[in-house]
Amino acid sequence: MIRKLTLLIMLLAASVTSFAQSDMGLSDNQRVLGHTANNDIENKDVGFGQAGTYQVGALLDASALSKMVGCRVVGMRLAVSADLGRVPVYLHSVAADGTVTQIHTQRQKLTSGWNNVIFNGDGFEIKAGESLLYTFDYEETAEMVSAGKGGLCSIGSDTANAMVMLSDGKIYQLSGAGMICMQLIVDVTNMRAYDTAFGFFDTGFKYKKLDDAFEVFTMISSVGREPISSLRVGYQFDDSEPAYVDCADAAIAFGESYTFQQTLTVPAVVGIGTHTLRLFVDRINGSPVEPSATMSRSENFAFYDNTDVKRRAVLVDVMTSSSMAITDKLNQALNTLGDINGTAIFAQHHAEGTPLYADGNDVLFSRYAFEVPVFTSNRAFFPGEKTIAYSAGELLSYPIPGITESLLQEIVAQDLTLPSFVDISAKTAYNSDSRELTVDISAVYDDNAEAIYGNRVAAHVMLIEDNVISPQTVYFNSTHTMVKSKYTHNNVVRWMNGNALGTPMDVSSKTGTTRVSATLDQAWNPDNMRVVVYLTKYTDETVPDDLKDLDVYNAIVVPLSSTSGIESAVVTDDDAPVEYYNLQGVRIEHPASGSIVIRRQGTKVTKVLMP
C-alpha cells in the first residue's frame, strides 16, 4: 500500500544548471533512465528534519521501463548535498502485487554533487512487466537537523514514485521536495538504433460533432540509441488510406520529446458512429523504419450529429476503504456536497475485506483503482490524463479549505454538458413484507444511438444506502489514527445487478425496456436507500481491453418506496420529508440556531445557515 509522508525542504538552491548527457560520465552505449534525465539540481540540503536512517530513492513502473526491456541496468547516478561517506545502494524488483525483492546491493562512497555508481558484475536485465526501485541508505544526523541542512537533492514538483522511502517492505510516497536526483544507468547495446514512443496523447473528448475540427496533440519520444533529426508521422481513420505529416524539425536526442500538434483531415466516409484513429511513425531521418510496439498509438472516438438528449446526472464512483483514515476526509467533502443540486450521484464502493464491501465492488476496483481512494466521473476518460480515475488522495492533499469540494463540483459541471444519445426513466416497486424490489427501466434512443452504442447496452441498477453505522479509521491528530466504531457512512453501495456488469438491453429500436429484481438484505434500511439506474456499453469481461469504452451514457436516481405493494414512480421533492445533517454527515433532529447544516429534502441537498 502506498502512503504519503512529508519531506521538509530546508534550503532551496538559487539557480538551475543544465548539462548535456556527454557531461554525465557515461560511455557511448549507456543512457540514464529516471524521473530526472540530466544533471539539473534545484533543491539542495533537503532532509526529513529528524535524525535517523532512511532508505530513499525512486520507482520506475513497468510501463516506464517497457521501452528498455532486454537492456541491462549497470548502475545508478545520484546527487547529494553533503559528503555522506560509504553507504549501501540498492536495486529492487517490484512485482505487480507490490512485493519488493532486493536484487543487488553494494557500498559506495558518496560525495557532495553527482555520483556515478557502477554495479559489480554485468548488470541486471530489464524484464517485461517488472518495476524497479532504486534506493540508498541516507543517514540524517542530529548535526544536520540542528544546522537545518539535509543531505538530499531534488528537482521539480512532486511526482508519483519520483521520491519514495522503503520501510519494512512497503513503499511510501514522499512529498514536499519534488523529484529526488537519482537515475538508473542502462546499457542500451541491445536497443534498436531508432525507435519512438508516444507519451502524452490528447485527441479531445470522446464524442465529437461531425463538423468539429479534429485536433491531436501528443509527445513523441526518442527511445532508440541514435539521435533523430526528422520524422514522418502517419494517421489513419479506421481502414481508410493513411495520410502523412513530415516533421523536418523533429530533432530528438534519447529521452527527449517532440511536440506533434495537428488538425487532421477526416475522410468523407467517416460518418456518425464509433471510429478508431491510429497515429504512427513510419520514417525516421528520411528512411523507412521497421515498426515497433511503441511507434503507434490508437484511440477510439465517436462522431455524432445534433442531439437533444440531456444528461440527467453525473455518476461519481468512489473506490474507498473504511480502514484508511484519509477516506474520512473524503467522506466529509462528499457529505458537504450532497448531490450538488441533483446533478451528481455519489456511489461509494468499499474495498474487499472491509465491513461495507458489496459484491461487484472488486470489479470496479480492478478496473479503476490504481490506488485507494480514487473516483471516476461517468467512468469517462478526461483528455490527456493517464488514467480514467482521479486520485482522491491527491485532491485531498491541497492545503486550501474547500478545494476538494470545488474541484468535484467543477468536474461534475463539465461532464454534465457532454452529449448523450439515450434518455432513461425507471419505475420501482418495493414490497416491505417480502423485501422484494423490482425496477422497470425504459430507454429512448435518438438517431445517433445505434451507430455509436451498437445494438445493445448494459442497464445497471445500484442500491445505495445512507446513515449506515460501521467502523471507520480516522485521524485523531495530524499523524495518529484510531478506529471510530460508530461512524455514519453515506452513499454506501449495497448491491449491483450482474455483479457490476449489468443486464443487456437492445438498441435496435427507438426504445428499450428491461426489468431488474433484487431482495433487500435484512440489515439494510429501505427508508435510507435510493435506486440508481444508468446505462453503459455491455460487456461480460471483468476488465475489457479498452476501459474508455465503458463510460456512462446517462444516469438517474429514483426513490425506493417502503409501502407494501405500492409502485413508486414519481415522488416530488416538495412531498418528501426534510432531514438535517451536520457537516460530518450525522443526522440531527433539532439543528441549533446559527449553525451550518446540510438540509435534505428528497433529491435536493443544500447547505444552509439555520435561522
Side-chain angles (χ1 to χ4, degrees), residues 309-318 339-340 342-349 358-361 363-364 376-380 412 415-416 418-431 436-446 449 453 456-466 491-507 510-520 524 526 528-539 550-562 566-573 576 602-605:
V309 179
K310 302 297 182 185
R311 287 190 179 270
R312 299 296 191 96
V314 173
L315 176 62
V316 180
D317 291 287
V318 182
D339 64 0
I340 314 181
T343 62
I345 303 168
F346 292 109
Q348 295 193 251
H349 306 267
D359 289 341
N361 284 1
V363 172
L364 298 182
T376 64
S377 181
N378 276 338
R379 302 179 191 171
V412 168
D415 284 359
L416 197 64
L418 298 180
S420 176
F421 314 106
V422 57
D423 199 7
I424 53 176
S425 59
K427 180 183 291 186
T428 61
Y430 175 64
N431 187 302
E436 294 290 330
L437 170 71
T438 59
V439 184
D440 290 309
I441 304 169
S442 299
V444 179
Y445 306 103
D446 81 352
Y453 298 154
R456 65 177 180 172
V457 298
H460 298 264
V461 173
M462 276 196 301
L463 302 184
I464 295 179
E465 185 176 3
D466 290 334
N491 309 309
V492 177
V493 174
R494 289 300 206 178
W495 181 87
M496 292 177 283
N497 63 318
N499 279 353
L501 298 181
T503 301
M505 187 166 67
D506 285 342
V507 186
K510 290 296 182 183
T511 60
T513 59
T514 192
R515 169 172 284 189
V516 174
S517 300
T519 303
L520 271 63
W524 306 344
N528 292 332
M529 300 188 76
R530 57 193 182 277
V531 180
V532 175
V533 179
Y534 62 99
L535 303 182
T536 68
K537 176 182 176 179
Y538 180 76
T539 179
L550 294 185
D551 55 301
V552 174
Y553 300 153
N554 218 332
I556 58 171
V557 178
V558 291
L560 185 153
S561 168
S562 61
I566 303 296
E567 288 191 341
S568 175
V570 178
V571 176
T572 67
D573 290 326
T603 62
K604 291 183 179 179
V605 179

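For this chain, numbers begin at 1 and follow the sequence in order. Values below: every heavy atom of this structure, side chains too, minus hydrogens, waters and symmetry copies.
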task = Drop me the distance from I556's CD1 to R530's CZ, to the nearest 0.5 angstrom.
result = 13.5 Å
message = Please list all pairs meeting salt bridge (Lys or Arg N to Asp or Glu O under 4.0 Å) that have one or both residues in residues 494-504, counting only residues at least two apart or in different chains.
response = E465-R494
remark   = Closest non-hydrogen atoms of T511 and Y445, given as atom of the first, atom of the second and distance, are C-CE1, 3.8 Å
query = CG/N378 to CG/L550 distance, rounded to the nearest 0.5 angstrom?
reply = 12.5 Å
message = Restricting to side-chain contact (heavy atoms from CB on, under 4.5 Å), what partner residues turn up for T503, sequence neighbours left out?
response = N497, T514, V516
ask   = Of all residues at least two apart in sequence or in a different chain, which pass the ring pair (Phe, Tyr, Trp, His ring centres under 6.0 Å) check with Y538?
value = none
inquiry  = Show the nearest heavy-atom pair for residues P559 and T428, with the distance to one decimal.
reply    = O-OG1, 2.9 Å
message = Once salt bridge (charged side-chain N to carboxylate O under 4.0 Å, His left out) is applied, do any residues pair with D415, and if so which ones, sequence neighbours excluded?
response = none
query = Among all residues two or more places apart in sequence or in another chain, which pass the salt bridge (charged side-chain N to carboxylate O under 4.0 Å, His left out) test with K510?
reply = D447
request  = Applying salt bridge (charged side-chain N to carboxylate O under 4.0 Å, His left out), name anything that partners D551, two or more places apart in sequence or on another chain.
outcome  = K206
side-chain contact (heavy atoms from CB on, under 4.5 Å) partners for R379, two or more places apart = L315, D317, L364, Y368, T376, Y534, V552
Residue pair A555 / I345: nearest heavy atoms and the distance that separates them = CB-CD1, 4.0 Å
note = Shortest non-hydrogen pair, A500 vs V363, comes out as CB-CB, 4.2 Å
query = Is there side-chain contact between M529 and D466, with at least one heavy-atom pair below 4.5 Å?
reply = no
query = Would H460 and T536 satisfy side-chain contact (heavy atoms from CB on, under 4.5 Å), going step by step from the backbone distance to the final call?
reply = CA-CA 8 Å; H460 298 264; T536 68; 2.8 Å; yes
task = Report the residues that fulfil side-chain contact (heavy atoms from CB on, under 4.5 Å) with D506, sequence neighbours left out, ordered by chain and then residue number.
result = R456, S508
ask   = Can you name the residues that form a side-chain contact (heavy atoms from CB on, under 4.5 Å) with A344, not counting sequence neighbours?
value = I340, F346, V412
message = Do L437 and L463 make a side-chain contact, defined as non-hydrogen atoms from C-beta onward lying under 4.5 Å apart?
response = yes
key: Nearest non-hydrogen partners of V532 and V557, listed with the distance   = CG2-CG2, 4.2 Å
note = Residue set satisfying side-chain hydrogen bond (donor to acceptor under 3.5 Å, both in side chains) with T438, at least two apart, ordered chain then number -> none
ask   = Does a salt bridge link D423 with K310, judged by any charged N lying under 4.0 Å from a carboxylate O?
value = no
query = So which heavy atom on A347 is nearest to which on V493, and how close?
reply = CB-CG2, 3.7 Å
remark   = Residues passing the ring pair (Phe, Tyr, Trp, His ring centres under 6.0 Å) test with Y553, sequence neighbours excluded, are Y453
ask   = Which residues pass the salt bridge (charged side-chain N to carboxylate O under 4.0 Å, His left out) test with R311, sequence neighbours left out?
value = none
query = Any side-chain heavy atom of M496 within less than 4.5 Å of one from N361?
reply = yes
ask   = Are side-chain heavy atoms of H349 and M462 found at a separation under 4.5 Å?
value = yes
